[in-house]
Amino acid sequence: MSEGNPVVELAKRRGFFLQSAGAYGGVSGFYTFGPEGAALKQNIEDTWRERFTIQEGNMEVDAPTVMPEPVFEASGHLDGFDDMLVECPECGDSHRADHVVEDNTDIEDAESMAIERVEEIVAEYELTCPTCGAGLAGQAIQQFNLMFETNIGPGSSSPGYLRPETAQGIFVEFPQLAEYARNQLPFGVTQIGRAYRNEISPRKSLLRVREFTQAELELFIDPEEDEPDLESVEDVTAPFYPVSEQEAEDGELIETTVGEVFEDGIVDDPWIAYYLGIAKRWYESIGVDMDRFRFRQHLPGELAHYAADCWDAEAEVDGDWIELAGFAYRGDYDLSKHAAHSDEEFTIFKQYDEPITVERPTVDPDMSYLGPEFGGDAAAVADALDSLAERDPDAFRDAQADDGVVRVEVEGQEYTVPIEKVGFEIEEVTESGEHITPHVVEPSLGIDRALYTVLDHSYREDEVDGETRRVLELPPEVAPRTVGVFPLMDRDGLAERAREIVDRLRDAGLAVTYDDSGAIGRRYRRQDEVGTPFCVTVDYETLGEGDDPSLEGTVTVRERDTTEQRRVAISGLSETLTALRDGAITFDDL
RNA sequence: GCGCCGGUGGUCUAGUGGUAGGACCUGAGCCUUCCAAGCUCAUGGCCCGGGUUCAAAUCCCGGCCGGCGCACCA
């Protein structure tokens, strides 16, 4: 992934990705996908959509990348994404100031404190640099927010942020999305889109960037009722790296099935297990090497505070394990947050099997009395009576026996209401169900990292007659183009015939490239480098002018990985290539 | 953000205080009946700004970008 890496060199040279705005010196952490990369990325997204949206019966949305500030107040990103950095005056190292405080004092949750307060604490406790031990008192703490900030409309009265994850765009629309799902759990909502994080130090090519594409599924479930179809993935095998192995001296990967890890309690939640199985199949299908892939459980310290359990999909790239995806059980954290901060309900009405009858204390205050008596506070008094009835119905019974008045407190002031003006009753009501806040299961994937991993894992170098042959062994389904069409030579009508074939194949919906420049071998090599799985060559036999007249109307189809060739009739060529691309047949079936 | 190292055509690189050469790639032509063959020609470059100097791509300073290490990665 670093400079001098042959995969990065190839990616730049052949148009997979390049650093953006190079004409202006470049900008760190932003990449442009070139023609090959954009096609590859689109194909990867299409297969994800097929697997996680269509096959799962979920619905896809497309939310804005800019959201107003309250959304991120509710989600916790406004505070949680704010880092406090303090720089050591001696050694120059920067550290998280809140971590320094929490690690060296009894103070907890320094993260949520004001900057000034943390500065005071650092001075009070005479805290020192974790690296060199120099005193940090008096050092200014710098605020660094990972979110890109902007303004919505003129002026700065309406701040907005570029979303740091796509998920919030789904959560905030939950009330309407539940309606679209006819208020039936479970339902899943997917989104593929850009997210933005103003990283301090982007590194390692496409693996750590400031703008990236996420593919996320938010599955809303009833935690008491809904279960995944685990049977459909129980035989999927994958390497698992649970906490116990990570903490062991000689911990190792456990190669086993999804069914087993769930049975053994290694993966606690059935939904997480289910999506690990789905995701493993998908990563394999797009060309991630399963010998360099694993599912790693989050260590206790890594877990977000609301997450019961979390697993990452990881791939080995250049000797490092990088995170490709996270699978988290988020509980009702997200929906509860938005319910608390917004004016909407983020619940689903869940019907009981049988309606139940309950006794419920109610009040129906006489507003024609309360109004004149309490003026502007009348409504608040009525509310207070209402909640008192729910909380402590005995207060009303006592009032009847006692002095005949009910006492409530509104903003510190006591009000007394005659019991006969309260309208207190114990009602028998029939309830057919209750409002529940669904729990969220979230598989969240990084598309750019998947793309980079696929490039890295599919790259191969062969020696052929002393020459290096570079090949991207991309699965046909995701390759930027499915087929290259060449005339054996650019004369004698071969090129014209080849162009006719290009048109036919494109009409059939295939991604085709045409090339008649230079020797045929060079053209094969060009396609090898960008991962085109098949090449079609028009030769003299095609025209009926070769040694074997029976081959008229046929072309050679060459397979990238073996460089073997088979003759195929032009009449069935588009069907054959489509079947090869979709995996309906293999090259050996020809 | 800190430290060290670096930045020459699309890619990989040589090089000097007097404005640059190669290889590959790419394009045109010739040749060529299946895996980067050959010949001819052509396109294309010293990261940006400032300083020193008669003269800077070269030396110095700053910036930008990259690699590595540290920190960060909710």
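Each chain gets a letter, A, B and so on, in the order its sequence line appears, and its residues count up from 1. The shown structure was predicted, so the numbers you read here are calculated from the model rather than taken from an experiment.
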request  = Walk me through it: do A/E316 and A/H457 pass the test side-chain hydrogen bond (donor to acceptor under 3.5 Å, both in side chains)?
outcome  = CA-CA 9 Å; A/E316 188 256 302; A/H457 287 192; 5.9 Å; no
ask   = What integer distance in Å separates A/D516:CG from B/rU26:P?
value = 13 Å
remark   = As its Watson-Crick or G-U partner within any shown strand, both distances under 3.5 Å, B/rC46 has none
request  = Send over the distance from A/L299 CG to B/rC73 P, rounded to a whole Å.
outcome  = 15 Å
query = If you check the A/R491 side chain, which of B/rG66, B/rG67, B/rU32 turns out closest?
reply = B/rU32
inquiry  = With a 3.5 Å cut-off and heavy atoms only, can you find an N or O donor on one side and an acceptor on the other between the side chain of A/R203 and the base of B/rG69?
reply    = yes
message = For a quick test of reading the model: is some side-chain N or O of A/K204 closer than 4.0 Å to OP1 or OP2 of B/rC68?
response = yes
ask   = Looking only at side chains, do A/T166 and A/E216 share a donor and an acceptor under 3.5 Å apart?
value = yes
request  = Please measure how far the P atom in B/rC61 lies from the corresponding atom in B/rA71, and state the result in whole Å.
outcome  = 29 Å
query = What is the distance from CD of A/E541 to C1' of B/rC34, rounded to the nearest Å?
reply = 11 Å
key: Whole-angstrom distance between B/rC46 and B/rU8, as gauged at atom C1'   = 4 Å
query = How is A/E165 classified with respect to the nucleic acid when contacts are heavy atoms under 4.0 Å: base, sugar-phosphate, or nothing?
reply = base
Spacing between A/R208 atom CZ and B/rC68 atom P, to the nearest angstrom = 12 Å
key: C1' atoms of B/rG62 and B/rU43, separation to the nearest Å   = 35 Å
inquiry  = Assess the residue pair A/Y161 and A/F148 against the criterion (ring-ring contact (aromatic ring centres under 6.0 Å, His included)); give the C-alpha distance rounded to whole Å, side-chain angles, the decisive distance to 0.1 Å, and a yes or no.
reply    = CA-CA 6 Å; A/Y161 296 89; A/F148 284 98; over 10 Å; no
ask   = Out of B/rC34, B/rC72, B/rC12, which nucleotide sits closest to the side chain of A/K12?
value = B/rC12
For B/rG17, the Watson-Crick or wobble counterpart (both distances under 3.5 Å) = none
Atom C1', compared across B/rA56 and B/rU52: separation rounded to whole Å = 9 Å
ask   = On RNA chain B, nearest-nucleotide positions of A/S517 versus A/Y31: which is more 5'?
value = A/S517
ask   = Is there side-chain contact between A/L543 and A/L494, with at least one heavy-atom pair below 4.5 Å?
value = yes
B/rU11 pairs with, by Watson-Crick or G-U criteria that keep both distances under 3.5 Å = B/rA23
query = Between B/rA55 and B/rG50, how far is it from one P atom to the other, in whole Å?
reply = 15 Å
remark   = A/F212 CZ to B/rC73 C1', in whole Å, measures 10 Å
message = Is there a side-chain contact between A/L474 and A/P480 in this structure, where contact means two heavy atoms from C-beta onward sitting under 4.5 Å apart?
response = yes
query = How would you list all residue pairs meeting ring pair (Phe, Tyr, Trp, His ring centres under 6.0 Å) that involve residues 479-500 of chain A, not counting sequence neighbours?
reply = A/F486-A/Y524
key: A/R292 side chain near A/D456 side chain, heavy-atom distance below 4.5 Å   = yes
message = Could you tell me the Watson-Crick or G-U partner of B/rC39, where both distances fall under 3.5 Å? Say none if there is no partner.
response = B/rG29
message = Using a 4.0 Å heavy-atom cut-off to protein, can you give one letter per nucleotide of nucleotides 35-47 of chain B, 5' to 3': B if the base is in contact, S if only the sugar-phosphate is, - if neither?
response = BBS----------
request  = Scan every strand shown for a Watson-Crick or G-U wobble partner of B/rA55, both distances under 3.5 Å, and answer none if you come up empty.
outcome  = none
ask   = Can any side-chain N or O of A/E173 pair as donor or acceptor with the backbone N or O of A/I170 at less than 3.5 Å?
value = no
query = Rounded to whole angstrom units, what separation is found between the CG atom of A/D312 and the C1' atom of B/rC73?
reply = 12 Å
inquiry  = Taking the P atom in each of B/rC2 and B/rA14, what is the distance between them to the nearest angstrom?
reply    = 30 Å
inquiry  = What is the distance, to the nearest angstrom, from the CG atom on A/D492 to the P atom on B/rU32?
reply    = 11 Å
ask   = Cut-off 3.5 Å, side chains only: do A/T437 and A/S336 have a donor facing an acceptor?
value = no
inquiry  = For the C1' atoms, the ones on B/rC48 and on B/rA28, what distance do you get once it is rounded to whole angstrom?
reply    = 36 Å
query = Across the strands shown, which category fits A/S28 at heavy-atom distances under 4.0 angstrom: base, sugar-phosphate, nothing?
reply = sugar-phosphate
remark   = Taken to the nearest whole Å, CD/A/Q19 to C1'/B/rG7 is 12 Å
query = Between B/rG9 and B/rC4, how far is it from one P atom to the other, in whole Å?
reply = 26 Å
query = Which one is paired to B/rC68, where only Watson-Crick or G-U wobble pairs with both distances under 3.5 angstrom count?
reply = B/rG3
